[in-house]
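A short write-up of the structure that comes next.
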2 protein chains.
Amino acid sequence: MSHAGKKRKLDKSRQDRLYFDSYSDVTIHEEMIADHVRTNAYRTAIFRNTELIRGRAVLDVGAGTGVLSIFCAQAGARRVFAVEACSIAEQAEEIVKHNKVEDIVQVIRGTVETVDLPEKVEVIVSEWMGYALLHESMLNSVLYARDKWLKPGGLILPSRAELYITPISDPVVEDRLFFWYTVKDQYGVDMSCMSDFARKCIKNTDITVSSVAVEDVLSHPARFAELDLNSVTVEELRSVKGPFRCESFGSAAVNAFCVYFTVTFPCPGLPQTLVLSTSPSKPETHWKQAVLYLDSPVEVVQDTPVTGEVRMYPSEDSARHICIHVDYTIGQQKTQSKTFSIPDWTPDTQSL
Amino acid sequence: MSHAGKKRKLDKSRQDRLYFDSYSDVTIHEEMIADHVRTNAYRTAIFRNTELIRGRAVLDVGAGTGVLSIFCAQAGARRVFAVEACSIAEQAEEIVKHNKVEDIVQVIRGTVETVDLPEKVEVIVSEWMGYALLHESMLNSVLYARDKWLKPGGLILPSRAELYITPISDPVVEDRLFFWYTVKDQYGVDMSCMSDFARKCIKNTDITVSSVAVEDVLSHPARFAELDLNSVTVEELRSVKGPFRCESFGSAAVNAFCVYFTVTFPCPGLPQTLVLSTSPSKPETHWKQAVLYLDSPVEVVQDTPVTGEVRMYPSEDSARHICIHVDYTIGQQKTQSKTFSIPDWTPDTQSL
């Protein structure tokens, strides 16, 4: 029962991950294609923009298996440049041939910062979004492509991104702490003192990517930032921030914030745009939500204001990793601050 | 859609794990205590051995939170030495006091190889089993404790361990490969060629720890090794091996072997022993099963013999990590060999 000896036991998840690691090229793309919310949003958006795509040149930034490029070919594009830096480009090439669009879709292996295209394009399509929108995202590459390869007035799909925050009550944490009170009934040994120890251990600054149940959302979400892909600059991405104000739906204990995003596709000639949402109140996507745990729960009642400011910025250690800093005030509590990040799996954390 | 940018996305599991990593001391013990099959087997075994425990000295090797030690105190032990090397020993001490057995249970922080006990013991209890029984197990420490601290004729709980193997048909692999054939119907893009690529990627030598459904088991399991804890030596653990012979229940495609273990507790005066089983046909434990994937599926019909030899031995890289080598013959196929191990999460594998 030495925990050193048993550390591996809890890691079914880890085993799964490791198993699929040697399979990761496939798994990642399988997960993205199987995400119907995501793939259908892009497919619908591309077909609704047929008027702007037909006969035009399109650049797909980070094309992966090439599925978005093929959608564009099906929508009548004259040429599609499917730029992909990784070896999956070889599979993209094969898929393009299988779908008999090799005269239209040209798979180009390389980064968009280094490849040379034979012409400028009227349309850029890219699925660049990472966890919490900006974690390991390819948005910088999309902006580079926009500035270098998009003709003036060209179309970017999606064209806008928005970030939201809402207080939540995650029952898993309290359920797990309560577990220790149930041991006595099960085995006749009182282990309730483990609950206090567990609460001390639970404080952490990790961004947890998980599915938030809609019933755990404690207020209308507040939008704290918006990015217009037609105009936002790489410099502006170094600090994406904004204030928020929520009001609690009713009595509950706030123990985390949930951050999620939407991206919007323009649909010319139609009464409304098309939104790909990763909200907990919408069907689940592979992005799920970013959960930021507070150090301890805070009681709220109906209409208790939850206000503050969120700032997202690249980690100093790695520019592709995102940090989320939240200043928040819940009801009459004094303002608190906490900074979160998605941790890296390093030998150091392994030996924890 | 660059897979480099998206690698993190598939890792909900990873995020979960990382989130709970800072919480790992608690999570590991929570998982073990919450494993009712495990904890109740030990509890029942200890109480059924009351005659041999009452008034005696007991050594708990790797005591963790001390729950087995407290069971022994409740069963009437005169003294229990709860030896635990990790910091959870502090919580064990607190739990012992909460349960008012501090006059009986003495928590000793240290490894069993280095601690000094005031007397020899009549009973050793230990929950030492790792994945596939021997992966990161504490069995060596238990044998050390037996040879140094157990009086002649003393009791070891559990006293025997057995290892089993059975061919299985894991549907997840084929389902995932088939996914690529379904994409055309969903999105109008033929991605079936990804299936061949996926099959090439899937070959791997990792031991996967996962729950095997009983309906995927293709034959009666075969026992290939047995360890008598009263007599087995550390030297013998350097190569635990044995032959196996299974006969297929019916027509199916074997695509993996499943390895699992049982441990047995003697129950003096009762007609049968008590078995803690991690078989796929028994209620799930936190050990689940060890799954060893073949490079490609092999068709079998009713009574097709599946024979061979399994050898388990410590990895050269790390003595606490187990390798499983399987020589196997399925029906008329020529004999094949494959060696599996539980991979470590290192920066190298991270960059895959």
Side-chain angles (χ1 to χ4, degrees), chain A residues 1-19 21-28 30-31 33 39 43 62 64 67 70 85-86 88 91 94-95 98-99 127 131 136 138 179 183 187 189-191 193-194 197-198 201-202 204 206 208-209 286 343 345 349-350 352, chain B residues 1-19 21-28 30-31 33 39 43 62 64 67 70 85-86 88 91 94-95 98-99 127 131 136 138 179 183 187 189-191 193-194 197-198 201-202 204 206 208-209 286 343 345 349-350 352:
Chain A
M1 214 159 61
S2 152
H3 75 157
K6 293 301 168 55
K7 184 158 280 183
R8 196 56 61 83
K9 280 188 189 171
L10 77 146
D11 287 347
K12 176 217 177 318
S13 52
R14 178 174 172 181
Q15 299 310 330
D16 282 357
R17 185 177 45 68
L18 285 168
Y19 166 56
D21 230 38
S22 49
Y23 189 70
S24 61
D25 271 358
V26 176
T27 302
I28 294 156
E30 181 184 332
E31 186 184 42
I33 301 287
T39 307
R43 183 168 187 247
V67 66
I70 295 172
C86 301
I88 195 71
Q91 277 65 50
E94 208 180 328
I95 291 166
H98 255 72
N99 288 275
E127 199 278 74
Y131 288 130
E136 294 194 346
M138 291 193 308
F179 165 78
V183 175
Y187 305 120
V189 174
D190 183 349
M191 300 189 82
C193 57
M194 280 293 285
F197 173 65
C201 294
I202 214 167
N204 77 64
D206 295 352
T208 305
V209 175
H286 73 291
W345 180 254
T349 61
Q350 187 177 21
L352 275 178
Chain B
M1 215 159 60
S2 152
H3 75 157
K6 293 301 167 56
K7 184 158 281 184
R8 196 56 62 84
K9 279 187 189 172
L10 76 147
D11 287 348
K12 176 217 177 319
S13 53
R14 178 175 172 181
Q15 299 310 329
D16 282 357
R17 186 177 44 68
L18 284 167
Y19 165 57
D21 230 38
S22 49
Y23 188 70
S24 62
D25 271 358
V26 176
T27 302
I28 294 156
E30 181 184 331
E31 186 184 43
I33 301 286
T39 307
R43 184 168 187 248
V67 66
I70 295 172
C86 301
I88 194 73
Q91 277 65 51
E94 209 179 328
I95 291 166
H98 255 72
N99 288 275
E127 199 277 72
Y131 289 130
E136 294 194 346
M138 291 193 308
F179 165 78
V183 175
Y187 306 120
V189 174
D190 183 349
M191 300 189 83
C193 56
M194 280 293 284
F197 173 64
C201 294
I202 214 168
N204 76 63
D206 295 352
T208 305
V209 175
H286 74 291
W345 181 254
T349 61
Q350 187 177 22
L352 275 177

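Residue numbering restarts at 1 for every chain, and letters A, B, ... go by the order of the sequence lines. This is a predicted model, so every value here is computed, not measured.
Between chain A and the residues B:E94, B:H98, B:Q91, the most heavy-atom pairs under 4.5 angstrom are made by B:Q91.
Residues satisfying the ring pair (Phe, Tyr, Trp, His ring centres under 6.0 Å) criterion with B:Y187, sequence neighbours excluded, are A:H36. Take B:D190 and apply the side-chain hydrogen bond (donor to acceptor under 3.5 Å, both in side chains) test, not counting sequence neighbours, and it matches B:S192.
Both the backbone and the side chain of B:I95 have a heavy atom closer than 4.5 Å to some heavy atom of chain A. Contact of A:V189 with chain B is made through backbone and side chain together, with heavy-atom distances under 4.5 Å.
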Next on the checklist: Under the criterion side chain to side chain contact (heavy atoms under 4.5 Å, CB included), I'd like the reasoning laid out for A:I88 against B:M194: C-alpha separation, chi angles, the key distance, then a yes or no.
Outcome noted: CA-CA 10 Å; A:I88 195 71; B:M194 280 293 284; 4.0 Å; yes

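The distance from the CE atom of A:M191 to the CZ atom of A:F197 is 11.5 Å, given to the nearest 0.5 Å.
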